[in-house]
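Beneath this line is the structure, given in structure tokens, with notes to follow.
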Amino acid sequence: MSIVITGANGKLGSLIMKELLQKVASDQVIACVRRPEEAHEYLEQGIEVRHCDYDQSETLEQAFAGASKLLFISSSNNDDTTRLRQHAHVIEAAKKSQVEHILYTSFAYPEDGNISLTHLHLATEHAILTSGIPHTFLRNALYTDFVGVLGLDAAIAAGEWRTYPGDWKFNTVTRHDLAVGIAAVITEPGHTNKTYELTAPRPWTFQELATALSDLTDKPISLRQDPQVHNWMYGFLGKINTSSTSPDLERLIGGPVTSLKDSIRPFISFKFGIKQGDGG
Ligand SMILES: NC(=O)c1ccc[n+]([C@@H]2O[C@H](COP(=O)([O-])OP(=O)(O)OC[C@H]3O[C@@H](n4cnc5c(N)ncnc54)[C@H](OP(=O)(O)O)[C@@H]3O)[C@@H](O)[C@H]2O)c1
């Protein structure tokens, strides 16, 4: 078995590599990276490193040669039209290289969104279905990291957190939990032609986040809804489904996902004396 992983130098890809290497021998895993010169840690572990650039089709066919499983991590380019083209290159190369099974990191509940991001992921899923390659769609929820742009440090300092009005609910996850679940899908049998919604099993609210912040900082932090709050993130959150949940991730992990409190710990400033864990 040859497991080929794209984006292996990225944040999610490197966590998945770590989990995989606890389950399979290093000679069964191939790290595909855009910049091989930054992959010396893999080489030191005896892992084969291949050059793979979604913009350079000619690199991809060779990179995917012999793959019984290809974990295709979606591009991080910030233009979805570019990403669509890059993803088409990956799927064409996977077909030419006769990849036996492609696993794609999609986005949770894409049918419920109406933005370029959700169209991109659905279009990529359709292109994979059209290719006829056996597939698994790993529809990742929003990373809990997004709390990092909601002004938590200022809320802690002020003892009050202002959020945009609304009945907000979030099914976010940590990359670490996703990595554990995705490594299980790659290494266990029975996941071909399946779609998993990799969300937390319960959504959390801003009130629960404020309570977790108070617990972490030992300071009272109240929540106030304020229509004057301006943050681009609310526009984005309002256009995707962040509230539906699925038991898929906990089933794959074989236990509970990381708690909200532990998930947000890495995103709170050291200046408040918060002990940092590895929840991200
Ligand atoms: N669910 C969510 O909330 C969420 C949030 C943000 C992103 N995402 C998606 O999830 C993916 C993984 O997340 P992440 O946190 O691991 O992101 P990341 O750390 O930015 O990793 C993205 C990986 O994609 C690689 N990549 C980008 N463009 C490429 C290209 N042209 N050819 C080959 N490889 C390319 C990067 O290579 P280099 O190492 O060379 O840069 C990197 O390894 C992202 O790429 C994005 O599609 C999801």
Side-chain angles (χ1 to χ4, degrees), residues 4-19 30-42 49-64 70-94 103-110 113 115-125 137-150 170-179 181-183 196-200 232-233 236-237 239-242 244 246 249 257 263-264 266-267 279-280:
V4 174
I5 309 233
T6 71
N9 273 344
K11 292 195 269 303
L12 180 63
S14 51
L15 288 171
I16 294 171
M17 288 290 288
K18 216 169 168 182
E19 294 301 320
I30 296 167
C32 284
V33 299
R34 187 161 45 160
R35 287 185 279 265
E37 66 278 12
E38 290 175 13
H40 49 88
E41 279 183 30
Y42 292 139
V49 172
R50 293 184 184 168
H51 180 217
C52 156
D53 188 330
Y54 301 161
D55 286 314
Q56 298 177 41
S57 295
E58 66 281 7
T59 64
L60 301 173
E61 220 176 309
Q62 284 181 345
F64 303 159
L70 170 66
L71 175 67
F72 166 21
I73 293 194
S74 50
S75 165
S76 52
N77 194 288
N78 53 22
D79 179 83
D80 287 320
T81 308
T82 303
R83 290 165 98 193
L84 197 55
R85 191 175 59 243
Q86 293 174 329
H87 289 186
H89 290 161
V90 173
I91 297 160
E92 277 164 21
L103 303 97
Y104 171 63
T105 60
S106 186
F107 191 70
Y109 302 106
I115 53 174
S116 63
L117 171 84
T118 50
H119 295 312
L120 162 80
H121 285 294
L122 278 177
T124 306
E125 289 187 4
F137 296 145
L138 304 155
R139 292 178 162 183
N140 295 345
L142 199 62
Y143 301 152
T144 309
D145 301 34
F146 91 89
V147 301
V149 299
L150 295 176
F170 301 102
N171 58 17
T172 69
V173 287
T174 65
R175 285 187 190 77
H176 178 261
D177 287 340
L178 287 173
I182 290 172
Y196 297 115
E197 305 286 352
L198 300 181
T199 71
W232 65 270
M233 193 50 144
F236 170 67
L237 294 172
K239 292 187 189 116
I240 55 173
N241 178 347
T242 61
S244 294
S246 157
L249 185 57
V257 294
S263 303
I264 62 167
F267 306 108

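In each ligand, atom 1 is the first atom listed, and ligand 1 is the first ligand listed.
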Close approach, [X] and ligand 1, non-hydrogen under 4.0 angstrom:
| X | result |
| --- | --- |
| T105 | no |
| L142 | yes |
| R83 | yes |
| E38 | no |

For ligand 1, which atoms, with element, lie under 4.0 Å from some heavy atom of [X]?
| X | result |
| --- | --- |
| I73 | 11 (C), 12 (C) |
| D55 | 31 (N) |
| C52 | 32 (N), 33 (C) |
| R35 | 38 (P), 40 (O), 41 (O) |
| D53 | 30 (C), 31 (N), 32 (N), 33 (C) |

Neighbour count above 12 (heavy atom, 6.0 Å) for E41 CD:
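Incorrect, the count does not exceed 12.
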
Pick one of side chain, backbone, both or neither for how [X] approaches ligand 1, counting any non-hydrogen atom pair under 4.0 Å.
| X | value |
| --- | --- |
| Q86 | side chain |
| T6 | neither |
| C32 | neither |

Strictly inside 4.0 angstrom of atom 47 (O) of ligand 1, do you find any protein heavy atom?
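Given the 4.0 Å limit, the answer for atom 47 (O) of ligand 1 is yes, a protein heavy atom qualifies.
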
Below 3.5 angstrom, do we get any N/O pair linking [X] and ligand 1?
| X | answer |
| --- | --- |
| G10 | yes |
| S75 | yes |
| A8 | no |
| L12 | yes |

Is there a side-chain contact between [X] and [Y] (heavy atoms, below 4.5 Å)?
| X | Y | result |
| --- | --- | --- |
| Y104 | I73 | no |
| L138 | L71 | yes |
| I182 | N140 | yes |
| H121 | R139 | no |
| L249 | D177 | yes |
| T118 | Y109 | no |
| I115 | I240 | yes |

Residue and atom name of the nearest protein heavy atom (relative to [atom]), distance in Å to one decimal:
| atom | result |
| --- | --- |
| atom 39 (O) of ligand 1 | N9 CB, 3.6 Å |
| atom 20 (O) of ligand 1 | S76 CB, 3.7 Å |
| atom 15 (O) of ligand 1 | R175 NE, 2.7 Å |
| atom 23 (C) of ligand 1 | G7 CA, 4.0 Å |
| atom 36 (C) of ligand 1 | R34 NH2, 3.8 Å |
| atom 18 (P) of ligand 1 | K11 N, 4.0 Å |

Of the non-hydrogen atoms in [X] and [Y], which two are nearest, and what is the gap between them?
| X | Y | value |
| --- | --- | --- |
| T144 | S263 | CG2-CB, 3.8 Å |
| Y54 | S74 | CE1-C, 4.5 Å |
| N171 | N241 | ND2-O, 4.1 Å |

Winner among Y143, Y54, F107 once heavy atoms are compared against atom 3 (O) of ligand 1:
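Answer by nearest heavy atom: Y143.
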
Among S74, A141, S106, which one has a heavy atom closest to atom 11 (C) of ligand 1?
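It is S74 whose heavy atom sits nearest to atom 11 (C) of ligand 1.
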
Under-4.0 Å salt bridge between D53 and R35
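R35 and D53: not salt-bridged.
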
Could you check whether F146 and F236 have their ring centres less than 6.0 Å apart?
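No: the rings miss the under 6.0 Å criterion.
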
Given the rule in the salt bridge (charged side-chain N to carboxylate O under 4.0 Å, His left out) test, do D55 and R34 qualify, once you have shown the distances and angles that lead to the verdict?
CA-CA 10 Å; D55 286 314; R34 187 161 45 160; 5.5 Å; no

Once you measure the plane-to-plane angle for H87 and F72, does it fall in the parallel (<30°), tilted (30-60°) or perpendicular (>60°) bin?
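Ring orientation of H87 relative to F72: perpendicular.
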
